**Student:** 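What follows is a structure written as structure tokens; I'll ask about it next.
Note that the numbering runs from 1 along the sequence shown for the chain. Quantities reported herein were computed from a predicted structural model and do not represent experimental measurements. Keep in mind that the numbers below use all heavy atoms, side chains included, and drop hydrogens, waters and symmetry copies.
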Amino acid sequence: MADSNAAVARQEDSAPIGYPKVRRIRFRFGDPQPMNHHFVEGDIAFSHLVAFLSAAFPPGEESFIRSVRRFADRVTDPVLKKRVAGFIGQESVHGQEHRRLNEKLIDMGYPFVRLLTFPTDSRRQRLILRLENRAPALVHLAMTAAAEHYTATLAERVLSRDEIQAIPGDPEVWNLLNWHAVEELEHKSVAFDVYRAVGGSERIRIGVMAVMYVLTIPVVTVATVLSVLTDPKGWHPIKVARQTIGIFRGPLVRGLMADLRAYMRPGFHPDDIDTRQLVEEWRQELFGAQGSLVGHLR
């Protein structure tokens with residue numbers, strides 16, 4: 001099995017950088033060692049930030065997929081069609097694995113994750129679908145392209161900064177985050193290129209990002225605080241306040257807004273930020289012949 005997985009990994013990593021490859025993967029959260037409740041070691045605020053983001057990823061990524069599929073019949077370029085298929089496949093697997101982490105977090109006592117986790121046939125899901133269908137399709141796609149810039153910017157930080165990689169935490173959660181980050185960089189320009197291919201305007205693209213630029217950090221901050229408040233083991237207000245300040249001053253968030261602003265420059269393209277070498281290094285680290293995640297591939 002190990003030899004077979006290694007062969008699969010070598011075949012995937014022979015593909016051009018940036019071409020999304022769907023990796024069927026399975027993480028083993030809490031096996032063999034149980035996860036600590038605050039799985040970012042000793043950091044309540046950071047643990048809840050990761051938990052909130054993990055809870056938000058599955059419904060968000062499903063929405064991204066739907067936004068791109070609304071224009072699938074208008075994409076005529078065969079290369080872009082294949083990139084769209086890779087994007088959809090990667091995002092589907094991301095949602096699947098984050099749902100598995102979310103189930104573990106719910107079992108561990110993260111009520112806010114339970115609140116944000118709902119089945120695809122639930123009332124909340126039907127409300128989301130109604131809102132999406134009422135929104136202009138190009139605006140929905142522009143939101144996806146902007147959100148992909150957020151995730152790509154965070155992914156580049158996670159993979160390129162030793163300070164972040166050195167943060168002690170549950171190793172399998174870090175495996176999930178590093179894998180997710182690599183694939184976000186692989187498909188970072190797909191939704192953007194679909195938007196351009198179907199005639200999306202710069203005005204809508206920049207305007208949508210401007211709204212998200214103003215709202216995203218406050219919304220994530222409030223949600224993280226609410227998640228902490230629902231966790232009886234997190235009721236250490238002075239410690240949490242200090243840790244929250246540390247997140248804003250730390251390598252994940254410090255300077256983030258300046259990096260995000262690049263998206264609002266007229267004529268911007270996600271590939272203007274060259275992450276090809278970074279992706280290649282991490283593809284080899286995770287999925288090369290001796291990659292640390294080769295044994296996770298199915």
Side-chain angles (χ1 to χ4, degrees), residues 1-43 46-47 49-51 53-54 57-58 61 86-87 89-105 108 148 151-188 250-252 274-298:
M1 177 63 76
D3 291 342
S4 174
N5 285 338
V8 170
R10 285 194 296 273
Q11 181 180 7
E12 288 183 338
D13 287 311
S14 67
I17 297 299
Y19 192 88
K21 299 295 294 184
V22 182
R23 300 172 178 91
R24 304 298 176 184
I25 196 164
R26 179 59 62 95
F27 294 96
R28 298 180 284 271
F29 304 110
D31 179 21
Q33 295 296 324
M35 286 175 61
N36 293 328
H37 183 77
H38 297 127
F39 50 89
V40 179
E41 190 173 313
D43 197 320
F46 213 127
S47 296
L49 171 61
V50 174
L53 292 176
S54 183
F57 279 138
E61 287 163 337
F87 168 83
Q90 284 188 338
E91 293 287 55
S92 296
V93 180
H94 295 173
Q96 166 191 295
E97 291 305 298
H98 276 282
R99 285 190 186 279
R100 295 185 62 249
L101 174 58
N102 295 342
E103 291 171 1
K104 182 68 177 177
L105 294 174
M108 289 166 54
E148 289 295 315
T151 54
T153 302
L154 290 171
E156 189 275 335
R157 286 172 168 246
V158 166
L159 297 178
S160 65
R161 303 198 177 189
D162 292 340
E163 294 171 89
I164 296 178
Q165 289 294 320
I167 294 172
D170 184 84
E172 198 72 337
V173 174
W174 272 117
N175 284 336
L176 169 73
L177 295 178
N178 286 334
W179 156 77
H180 192 161
V182 168
E183 295 197 349
E184 287 299 324
L185 292 178
E186 286 180 339
H187 70 231
K188 66 179 181 178
L252 186 66
D274 189 354
T275 54
R276 289 174 296 177
Q277 183 61 35
L278 181 65
V279 171
E280 174 60 21
E281 291 171 359
W282 276 94
R283 285 172 73 171
Q284 291 302 316
E285 172 72 21
L286 300 179
F287 300 108
Q290 303 299 321
S292 59
L293 294 186
V294 169
H296 288 60
L297 294 171
R298 294 186 291 152

**Student:** For residues G288 and V294, report the shortest heavy-atom separation together with the two atoms involved.
**Tutor:**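 In this case the closest contact between G288 and V294 is O-CG2, 3.1 Å.
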**Student:** What heavy-atom pair brings F87 and P20 nearest, and what distance separates the two atoms?
**Tutor:**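 Nearest heavy atoms, F87 then P20: N-CB, 3.9 Å.
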**Student:** Calculate, to the nearest 0.5 Å, the distance between atoms CG and CG belonging to L154 and L53 respectively.
**Tutor:**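 L154 atom CG to L53 atom CG measures 8.0 Å (nearest 0.5 Å).
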**Student:** Between F27 and H296, what is the ring plane arrangement, given parallel below 30°, perpendicular above 60°, and tilted in between?
**Tutor:**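 Ring orientation, 0 to 90° scale: tilted.
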**Student:** Any idea which heavy atoms bring N102 and S54 closest together, and the distance?
**Tutor:**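 So the two residues come closest at OD1-OG, 2.7 Å.
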**Student:** Assess, by modelled atom type and distance only, whether the side chains of N175 and E172 contain a donor and an acceptor separated by less than 3.5 Å.
**Tutor:**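 There is such a pair (donor and acceptor under 3.5 Å, judged by atom type) between the side chains of N175 and E172.
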**Student:** Could you walk me through whether E285 and N178 pass side chain to side chain contact (heavy atoms under 4.5 Å, CB included), step by step?
**Tutor:** CA-CA 10 Å; E285 172 72 21; N178 286 334; over 6 Å; no
**Student:** Any salt bridge between R283 and E186, counting N to O under 4.0 Å?
**Tutor:**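 Yes, R283 and E186 are salt-bridged.
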**Student:** Calculate, to the nearest 0.5 Å, the distance between atoms CD1 and CG belonging to I25 and L286 respectively.
**Tutor:**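 The CD1 atom of I25 sits 8.0 Å away from the CG atom of L286.
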**Student:** Please determine which of W179, F57, F29 meets the ring-ring contact (aromatic ring centres under 6.0 Å, His included) test together with H98.
**Tutor:**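 Passing option: F57.
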**Student:** Look up atom NE2 in H180 and atom CD in E91, then write down how far apart they are to the nearest 0.5 Å.
**Tutor:**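 It is 6.0 Å, given to the nearest 0.5 Å.
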**Student:** Among H94, R99, E97, which one satisfies side-chain contact (heavy atoms from CB on, under 4.5 Å) with P58?
**Tutor:**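 Only match with P58 under side-chain contact (heavy atoms from CB on, under 4.5 Å): R99.
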**Student:** Might you point out which heavy atoms bring A152 and K188 nearest each other, and give the distance in Å?
**Tutor:**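 Nearest heavy atoms, A152 then K188: CB-CB, 3.7 Å.
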**Student:** With a 4.5 Å heavy-atom cut-off, do L49 and L252 have their side chains touching?
**Tutor:**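 When only atoms from C-beta onward are counted, L252 and L49 do touch, with a gap below 4.5 Å.
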**Student:** Quick check: do V93 and E183 have side-chain heavy atoms less than 4.5 Å from each other?
**Tutor:**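 No, side chains not in contact.
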**Student:** Working to the nearest 0.5 angstrom, can you tell me the gap between T153 OG1 and L185 CG?
**Tutor:**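 T153 atom OG1 to L185 atom CG measures 9.0 Å (nearest 0.5 Å).
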**Student:** Is there a donor-acceptor contact under 3.5 Å linking the side chains of E184 and H187?
**Tutor:**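 Indeed, the side chains of E184 and H187 share at least one donor-acceptor pair under 3.5 Å.
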**Student:** CG/D170 to CG/L101 distance, rounded to the nearest 0.5 angstrom?
**Tutor:**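 Spacing of CG (D170) from CG (L101) equals 8.5 Å.
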**Student:** Might you work through the side chain to side chain contact (heavy atoms under 4.5 Å, CB included) test for W174 and V50, ending with a clear yes or no?
**Tutor:** CA-CA 10 Å; W174 272 117; V50 174; over 6 Å; no
**Student:** Under 3.5 Å, side chain of Q165 to main-chain N/O of V158, donor-acceptor pair present?
**Tutor:**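 Yes: the side chain of Q165 pairs with the backbone of V158.
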**Student:** Check L105 against M35 and note the closest heavy-atom contact, atom names and distance.
**Tutor:**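 Taking L105 first and M35 second, the nearest heavy atoms are CD2-CE, 4.4 Å.
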**Student:** Has the side chain of D274 got a donor or acceptor atom that lies under 3.5 Å from a matching backbone atom of R276?
**Tutor:**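 The answer is yes, because a donor-acceptor pair under 3.5 Å joins these two groups.
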**Student:** Taking all heavy atoms of E163 and all of P251, pick out the closest pair and write down the distance.
**Tutor:**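 For E163 versus P251, the nearest heavy atoms are CB-CG, 3.7 Å.
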**Student:** Under 3.5 Å, is there a donor-acceptor pair between the side chain of E61 and the main chain of S92?
**Tutor:**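 Absent.
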**Student:** Using only atom types and a distance under 3.5 Å, with no angle test, would you say the side chain of R23 pairs donor to acceptor with the backbone of L297?
**Tutor:**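 No, R23 side chain to L297 backbone: no donor-acceptor pair under 3.5 Å.
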